[in-house]
Number of protein chains: 2
Amino acid sequence: MRRTKEEAENTRQAILDAAVTVFSDRGVAKSTLENIAREAKVTRGAIYWHFANKVEIFDALHDHLHSPFIQRILEGLEVEHADPVGQLQKICTEILTELHEEPQTQKLLTLFLLKCDYSGEFADSKAKFLAKKRRTYDAFAAYFTKAIEGNYISAKADPHLLTLALQSLFHGLVVEFLEDPVTINLQQDGPRLMAMLFASFRHY
Amino acid sequence: MRRTKEEAENTRQAILDAAVTVFSDRGVAKSTLENIAREAKVTRGAIYWHFANKVEIFDALHDHLHSPFIQRILEGLEVEHADPVGQLQKICTEILTELHEEPQTQKLLTLFLLKCDYSGEFADSKAKFLAKKRRTYDAFAAYFTKAIEGNYISAKADPHLLTLALQSLFHGLVVEFLEDPVTINLQQDGPRLMAMLFASFRHY
DNA sequence: TAATATACATACACGCATGTATGTTGTCAA
DNA sequence: TTGACAACATACATGCGTGTATGTATATTA
């Protein structure tokens, strides 16, 4: 049953897609390779051919899906802009409103924010995850530093604190939404919350 | 080997205490009743005598430990205060600084925020959890409404939005701290973030 | 103080997830 | 075109966690 290279790549992708669904549905820990195989309409043999185990699937998902998500934000910030703070606000606001309309992205974030814990076998994944996060953190802090130097934000402001405020509020809001989408109206409240936060940045 | 009622209650507590450690250490899903039994220095037989299964232990922990945590906040708000907004800020700030010094509380919050997912067998637990959370949410919203009526906050402010802002920032900050206590200095930044948020409430 | 129920410990049976070993078929390179 | 290997499917062995059944000693109660 040897397949062509293209077919093989397709099944690999099918496995990853299935893993997203199964993981976000049942939780990473409770997900079985058999579950993923069925969802992808292959056998466990196929999975073990492409991946060593569940952790490797999880890491692959993180690389292919989470990283680009952050990447897009960072790339947006590299572009020179007349009002850098307004630009950042716009980007963050857009991400929230888009999230409201993209169930696929919701599934992904649910997976990485609510459906996995990094104990035991996933300790290495957590280390990689943290390293990435710290780099993102630094990028934001550098961005705020630039904004302060350009006089867009008061010199009294602490870029470190601004970064933490943005990340915390953003993270918290997304989690609250994913946990209880019935109560939280992301479409309306996301932009309003961002407006509130960035106003406090400017008035600092 | 029948024990006295007091002894029985002691082992029950030992099991719950052990569960906190094991759950927050290995993650709820990967934790075994055998793990908990060893930590508590009993056998699985003792656990099955006191609890039906792992979910019941988890629920018991949630009732006995998470609820009082929230309760303390809500009770603090019921007391009449000259500056209700300042009072709320003080309470939130204190909780954060206390969290910095209480590893036991850190373990508990880690457990409920990072080390569990509510898929499958834990679906019922999630429902209860959400119900409690919504009541907390309503209590905060009512509090802000009162603050607005008392002219402590601008009438233009939306109590719903203020509640969401506070919960999101608080939740986000706690999670960021628990995930990476090396990077996040809760002792310093917690109070500063709260000051920032509540300042924006007042300037709204 | 005898009977009974309590508070466990021990032993057992079962299913299930994992990892690996092996089989099979088609592809691609020479 | 033919061998070798890639891309799986299938089969098997193993261990582990669960739940339950049973044993047992001691409080409690009547």
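Numbered from 1 within each chain, the chains take letters A, B, ... in sequence-line order.
The stretch residues 11-55 of chain A participates, sequence neighbours left out, in no ring-ring contact (aromatic ring centres under 6.0 Å, His included) pair at all.
Between A:F198 and A:F201, the ring center distance clears the sub-6.0 Å criterion.
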Where do N or O atoms of nucleotides 28-30 of chain D meet protein N or O atoms at under 3.5 Å, pair by pair?
{"residue": "D:dT28", "atom": "OP1", "partner": "B:T4", "partner atom": "OG1", "Å": "3.3"}

Between N or O atoms, less than 3.5 Å apart, protein on one side and nucleotides 18-21 of chain D on the other: list the pairs.
{"residue": "D:dT18", "atom": "OP2", "partner": "B:L33", "partner atom": "N", "Å": "3.2"}
{"residue": "D:dG19", "atom": "OP2", "partner": "B:Y48", "partner atom": "OH", "Å": "2.6"}
{"residue": "D:dG19", "atom": "N7", "partner": "B:R44", "partner atom": "NH2", "Å": "2.5"}
{"residue": "D:dG19", "atom": "O6", "partner": "B:R44", "partner atom": "NH2", "Å": "2.9"}

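No donor-acceptor distance shorter than 3.5 angstrom exists from the side chain of A:H171 to the backbone of A:Q167, with no hydrogens or angles considered.
In the displayed structure, A:R12 atom CZ is contacted under 6.0 Å by more than 12 heavy atoms of other residues, nucleotides or ligands.
Non-hydrogen atoms lying under 4.0 Å from DNA chain C are contributed by nothing in residues 7-26 of chain A.
For the pair B:N35 CG and D:dC16 C1', the computed distance is 11 Å after rounding to whole Å. For B:K30 and D:dC16, the NZ to C1' distance is 16 Å, given to the nearest whole Å. If you measure from atom CZ of A:R38 to atom C1' of D:dA9, you get 15 Å, rounded to the nearest angstrom. One atom, CD1 of B:I47, and another, P of C:dT10, lie 14 Å apart when rounded to the nearest Å. If you take NE2 of A:H50 and P of C:dT20, they are 17 Å apart, rounded to a whole angstrom. In this structure, CD1 of A:I36 is placed 13 Å from C1' of C:dT18, rounded to the nearest angstrom.
For the pair B:K115 and B:D25, the salt-bridge criterion is not met [side-chain N within less than 4.0 Å of a carboxylate O]. We find that A:K133 and B:E176 are joined by a salt bridge, their nearest charged nitrogen and carboxylate oxygen being less than 4.0 Å apart. A salt bridge does not link B:D17 to B:K107: none of the charged side-chain nitrogens sits closer than 4.0 Å to a carboxylate oxygen. In summary, B:D63 and B:K128 do not engage in a salt bridge, as defined by a charged side-chain N under 4.0 Å from a carboxylate O.
When the ring pair (Phe, Tyr, Trp, His ring centres under 6.0 Å) test is applied to A:F129, the partners found at least two apart in sequence or on another chain are A:H62, A:H66, A:Y118. Every side chain to side chain donor-acceptor pair (under 3.5 Å) that B:Y137 has, sequence neighbours left out, goes to B:H160.
Using a 4.5 Å cut-off on side-chain heavy atoms (C-beta onward), A:D117 and B:K30 make contact.
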